[in-house]
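Basis for what follows: all heavy atoms, side chains included, without hydrogens, waters or symmetry-related copies. Predicted, not measured: the structure shown is a model, and the values here were computed from it. Order of the sequence lines fixes the chain letters, A, B, ..., with proteins taken first and strands second; residue numbering starts at 1 for each chain.
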Amino acid sequence: MQELFDITSLVLSKTLDLISLRHNFIASNIANIDTPGYKSKELKFEHQLRSALKTMGNESLLIQTHTRHFPMEGEFSIIPEIVQEDSSSGGNGNSVDVDQEMTKLAENILLYNASSEILSRKLGMLRVAVNEGRR
Amino acid sequence: MDLFTALKISSSGLSSQRLRMNVISSNLANINTTRTPQGGPYRRQEVIFAATPIAESFGDLLEKNLYKVKADSIIEDPREPKQVYDPNHPDADNMGYVQMPNINLAEEMVNMVYATHSYEANIAAIQAAKNMMLKALEI
């Protein structure tokens, strides 16, 4: 039996947080398209998320010693990576590529919408259970 | 860190590009202006942008790397005014040359396209943030 708020919900809500954070970096790059000397920055977290999930699978979280105890899901921490693009194509030292930023923006939105949708479908399953199978 | 910060960053981009548009409009309107309050022909103006960190204190490592933009200063183009030979002009000097503003129409039009493009990119970022926040409300 799956717990009420299991690993999937944890991962999804963490992903939503990280995607919002990534959007802030994209917004910063877009606002500074014309700022001389500004270097474009990107937030990467997929790799860290994948390895955190792998280790979570192997490690045990708090073990239930008694059937009446609640199983505790630990907060797993991801440290995202900030990558700076130093090479500049413009004459003023600015390294922001507006087309790349717009593409990253579109990808980010899609990922956010997908994760958000999966999370609400999952909670929707809960609603079905609460309503005893009726809608 | 939330998406409201992103809105502030993108709106700073909008204001900066709008100021740039105003400066470009001023340059275009005064392309033939030979008289100014400070004397001499109109000097072409340009906006210099600077990135400012969003956080006052550099506590959070992540916040340290986020910048909004502001128009640091409006400078005058140091290029010399054009000398145009027109002895009948009321502002001609004793050699018959009039000092005209050093504004190139093509250059200003290209800058205007650039400013519009940047403005639209910032609008797209705002729409994205807004839609993400609305989508989250539907969970």
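We find the NZ-OG distance between B:Lys135 and A:Ser115 to be 10.5 Å, quoted to the nearest 0.5 Å. Atom NE2 of A:His23 is separated from atom CE of B:Met133 by 8.0 Å, given to the nearest 0.5 angstrom. The CG atom of A:Asn94 sits 11.0 Å away from the CZ atom of B:Phe49 when rounded to the nearest 0.5 Å. Taken from CD1 in B:Ile123 to CD1 in A:Ile30, the straight-line distance is 11.5 Å, to the nearest 0.5 Å. Taken to the nearest 0.5 Å, the OG1 atom of A:Thr35 stands 11.0 Å off from the NZ atom of B:Lys70. To the nearest 0.5 Å, atom CG of residue A:Asn113 and atom CG of residue B:Leu134 are 10.5 Å apart.
Proximity to chain B (any heavy atom under 4.5 Å) is shown, for A:Ile26, by neither the backbone nor the side chain. Interface residue B:Gln17: only side-chain heavy atoms are found under 4.5 Å from chain A. Residue B:Ala50 touches chain A through its backbone alone, counting heavy-atom pairs closer than 4.5 Å. Heavy atoms of A:Phe25 lying under 4.5 Å from chain B belong to its backbone as well as its side chain.
Pairing each heavy atom of B:Val69 with each of A:Ala31, the nearest pair is CG1-O, 3.3 Å. Smallest separation of non-hydrogen atoms from A:Ile109 and B:Ala128: CD1-CB, 3.3 Å. Taking both residues in full, the closest heavy atoms of B:Leu3 and A:Ser20 are given as CD2-O, 3.7 Å, listed atom of the first, atom of the second, then distance. For the pair A:Asn32 and B:Ala51, the tightest heavy-atom approach, listed with the atom from each and the gap, is OD1-CB, 3.4 Å. Considering every non-hydrogen atom in both B:Ile139 and A:Leu123, the closest pair reads CG2-CD1, 3.8 Å. Residues B:Ala136 and A:Tyr112 share a closest heavy-atom pair of CB-OH, 3.3 Å.
Without hydrogens or angle criteria, B:Asn65 side chain to A:Lys41 main chain gives no donor-acceptor distance under 3.5 Å.
Among the candidates A:Ser120, A:Ala27, A:Ser116, the residue making the largest number of heavy-atom pairs closer than 4.5 Å to chain B is A:Ser116. Interface summary for chain A: among B:Ser16, B:Ala115, B:Ala125, B:Ser11, the most heavy-atom pairs under 4.5 angstrom belong to B:Ala125. Comparing B:Ser118, B:Ser12, B:Ala124 by how many heavy-atom pairs each has under 4.5 Å with chain A, the most go to B:Ser118.
In this structure, A:Phe45 is not a member of the same hydrophobic cluster as A:Val83, with clusters built from ILVMFWY side-chain heavy atoms closer than 4.5 Å. Transitive grouping of hydrophobic side chains (ILVMFWY, heavy atoms separated by less than 4.5 Å) keeps B:Val23 and B:Met112 in distinct clusters. Clustering ILVMFWY residues whenever any of their side-chain heavy atoms sit less than 4.5 angstrom apart, transitively, puts A:Leu119 in the very cluster that holds A:Leu111. Under the 4.5 Å side-chain heavy-atom criterion for grouping Ile, Leu, Val, Met, Phe, Trp and Tyr, A:Val11 is not connected to A:Leu110 through any hydrophobic cluster. Using a 4.5 Å cut-off between side-chain heavy atoms of Ile, Leu, Val, Met, Phe, Trp and Tyr, with links allowed through other members, B:Tyr67 and B:Leu14 fall into different hydrophobic clusters.
Within 6.0 Å of atom CZ in B:Arg18, 12 or fewer heavy atoms from other residues, nucleotides or ligands are found, so the atom counts as exposed in its surroundings. Within 6.0 Å of atom NE2 in A:His47, 12 or fewer heavy atoms from other residues, nucleotides or ligands are found, so the atom counts as exposed in its surroundings.
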Practice task
Begin from the C-alpha positions of A:Asp34 and B:Arg20 and carry the test side chain to side chain contact (heavy atoms under 4.5 Å, CB included) through to its verdict.
Solution key: CA-CA 11 Å; A:Asp34 298 312; B:Arg20 189 178 177 200; 2.8 Å; yes
